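Any value given below was found using the heavy atoms of this structure, including those in side chains, with hydrogens, waters and symmetry copies removed. Residues take their numbers from the sequence shown, with the count starting at 1. Not measured: the values here are computed from a predicted model.
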Amino acid sequence: MRRYTTAGRDSPAVMLGDVEDPRPAPGELGIDLRAASLNYRDLIVASRFADVVPLSDGAGIVSSIGSGVEGFAISDRVVIGFMPGWVEGEFTEAKKGSSLGGPGVDGVLAERIVVPASGVVRIPDSLPFEEAATFPCAGVTAWSALFERRPVQPGETVLLLGTGGVSIFALQLAKLAGARVIITSSSNEKLERARVLGADHVINYRARPGWEDDVLRLTGGRGVDLAVDVAGPGTLNQTLKATRFGGRISLMGVLTGFDGPIDTLAILEKRITLQGIYVGSVATLRALVAAGIKPQVDRVFAFEEAAAAFDALRGAGHFGKLVVKISC
Ligand SMILES: NC(=O)c1ccc[n+]([C@@H]2O[C@H](COP(=O)([O-])OP(=O)(O)OC[C@H]3O[C@@H](n4cnc5c(N)ncnc54)[C@H](OP(=O)(O)O)[C@@H]3O)[C@@H](O)[C@H]2O)c1
């Protein structure tokens, strides 16, 4: 089968090669991949590590079944969990270690993969593979950010940063939950697209570097109930300002780096709940598939164009998700 490996540099990020088909061990499924989607994490993996089969998010059809597997049949249409080892329950280091498409764990930018059957979710015939492949990381992360621990309530106000994969899923899910959404972007055109998806208020963070004051104005000086911060240390202090007393922040992003000075006083004085998010379980993926939302696929690349898909992700011109079609 053909599969890509990372080059350990920015561009071209991946190289195509041939290997023998993997065969499922007991308890595993062989899946012929039809589509895979890219996440910001894949840029980090590709530039830092060589010889990894990249991408965590894939959908396809069951093509072989290991002994002892029940509940799946050949040709079933499926999507694979970001961490097939995190089926449900509490998060652990071992479950994190099952994350696909990182050092030591082959990802889905390949024609075939074998994974534990317990890490796989069946999808309806009406859901195209190109859309299903956007759920495992960005979709599940957005779901976790909004609904884990203390779920967002109808009428609450949610702040979202940028219009990448996680934030656009969060926009769709927050609207489904009856929340009011404020979203930022560097692009007025993308903000218009966000409005079409239901965003109630939009702010261009490039034109308005003090965007947190705009958020306060839009909430009558109170601040938002829940903020989803995908950018990290470069935005967290502004997000803290934009969040109400007693509010909560779901932090999952590293778009501005991995560490930096944080206004810890604001966290405690405002009694803000700051929760770290690391994607989510296969059970959450199942709930997301059942929710029936239509993912925003910005562009689909052919399998042979996978390196260009990485370049497009780095260019950040996309709205929502970038997808690679692996075969028909
Ligand atoms: N911990 C987890 O579980 C988890 C899961 C998924 C993703 N993540 C992280 O979340 C972040 C987003 O991931 P993604 O896959 O959604 O990325 P993505 O699709 O590549 O999103 C990129 C977009 O983020 C926006 N952005 C960039 N810098 C920004 C800033 N300083 N302020 C506000 N928005 C900014 C831009 O939107 P505009 O073009 O609209 O300006 C950009 O187009 C990444 O850091 C990723 O590693 C974490």
Side-chain angles (χ1 to χ4, degrees), residues 10-11 13 37-44 46-47 134 137-139 141-142 145-146 157-175 179-219 223-224 226-243 249-263 277 295-301 308-323:
D10 278 348
S11 188
S37 83
L38 285 84
N39 294 283
Y40 188 80
R41 166 181 180 261
D42 303 316
L43 292 178
I44 300 173
S47 65
T134 67
C137 180
T141 299
L146 294 173
T157 303
V158 175
L159 170 64
L160 305 174
L161 306 186
T163 59
V166 173
S167 295
I168 294 305
F169 266 118
L171 166 59
Q172 294 178 279
L173 291 169
K175 291 311 297 178
R180 180 167 77 124
V181 172
I182 303 172
I183 190 166
T184 72
S185 175
S186 57
S187 153
N188 289 339
E189 190 232 315
K190 291 183 182 182
L191 288 173
E192 278 316 306
R193 292 177 71 179
R195 267 195 202 283
V196 172
L197 281 182
D200 299 275
H201 305 282
V202 301
I203 303 169
N204 186 318
Y205 65 80
R206 202 157 276 163
R208 308 282 301 174
W211 49 265
E212 68 276 23
D213 294 325
D214 294 315
V215 175
L216 286 174
R217 232 184 337 270
L218 288 167
T219 53
V224 298
L226 171 65
V228 179
D229 194 320
V230 294
T235 51
L236 186 55
N237 288 335
Q238 289 173 282
T239 301
L240 282 164
K241 261 187 107 175
T243 302
I249 299 174
S250 288
L251 174 68
M252 88 286 296
V254 296
L255 290 169
T256 60
F258 296 92
D259 50 37
I262 298 305
D263 183 0
I277 297 290
Q296 295 297 300
V297 175
D298 184 278
R299 189 170 163 197
V300 179
F301 293 80
F310 276 80
D311 290 340
L313 186 68
R314 195 176 308 100
H318 60 288
F319 177 92
K321 298 298 297 176
L322 298 173
V323 170

Heavy-atom neighbours of Arg195 CZ exceed 12 at 6.0 Å: yes

Exactly one candidate in Val224, Leu218, Thr243, Val215 meets side chain to side chain contact (heavy atoms under 4.5 Å, CB included) with Thr157; the answer is Val224

Quick one: does any side-chain atom of Ser167 pair with a main-chain N or O of Leu161 as donor and acceptor, under 3.5 Å? yes

Using a 6.0 Å cut-off, check whether atom CZ of Arg299 has over 12 heavy atoms from anything other than its own residue. no

Applying ring-ring contact (aromatic ring centres under 6.0 Å, His included) to Phe310 and not counting sequence neighbours gives none

Looking only at heavy atoms, what is the nearest atom pair of His318 and Gly164, with distance? NE2-CA, 4.4 Å

Atom CG of Asp42 and atom CG of Leu322: how far apart are they, to the nearest 0.5 Å? 10.5 Å

Under the 3.5 angstrom rule, does the side chain of Glu212 hit a backbone N or O of Thr235 as a donor-acceptor pair? no

Kindly give the heavy-atom pair with the smallest separation between Phe169 and Ala142, and that separation in Å. CB-CB, 3.6 Å

Only one of Asp213, Thr184, Asp214 clears side chain to side chain contact (heavy atoms under 4.5 Å, CB included) with Arg208; which? Asp214

Taking all non-hydrogen atoms of both residues into account, name the closest pair between Arg180 and Lys175 and its distance. CA-NZ, 4.3 Å

Would a distance-only check, ignoring hydrogens and angles, find a side-chain to backbone donor-acceptor pair under 3.5 Å from Asp263 to Asn237? no

Give a yes or no on whether the backbone of Gly223 and the side-chain of Lys241 come within a donor-acceptor separation of less than 3.5 Å. no

Report yes or no: do Asn204 and Asn188 form a side-chain donor-acceptor pair below 3.5 Å? yes

Output yes when a side-chain donor or acceptor of Thr256 lies under 3.5 Å from a complementary backbone atom of Ala231, and no otherwise. yes

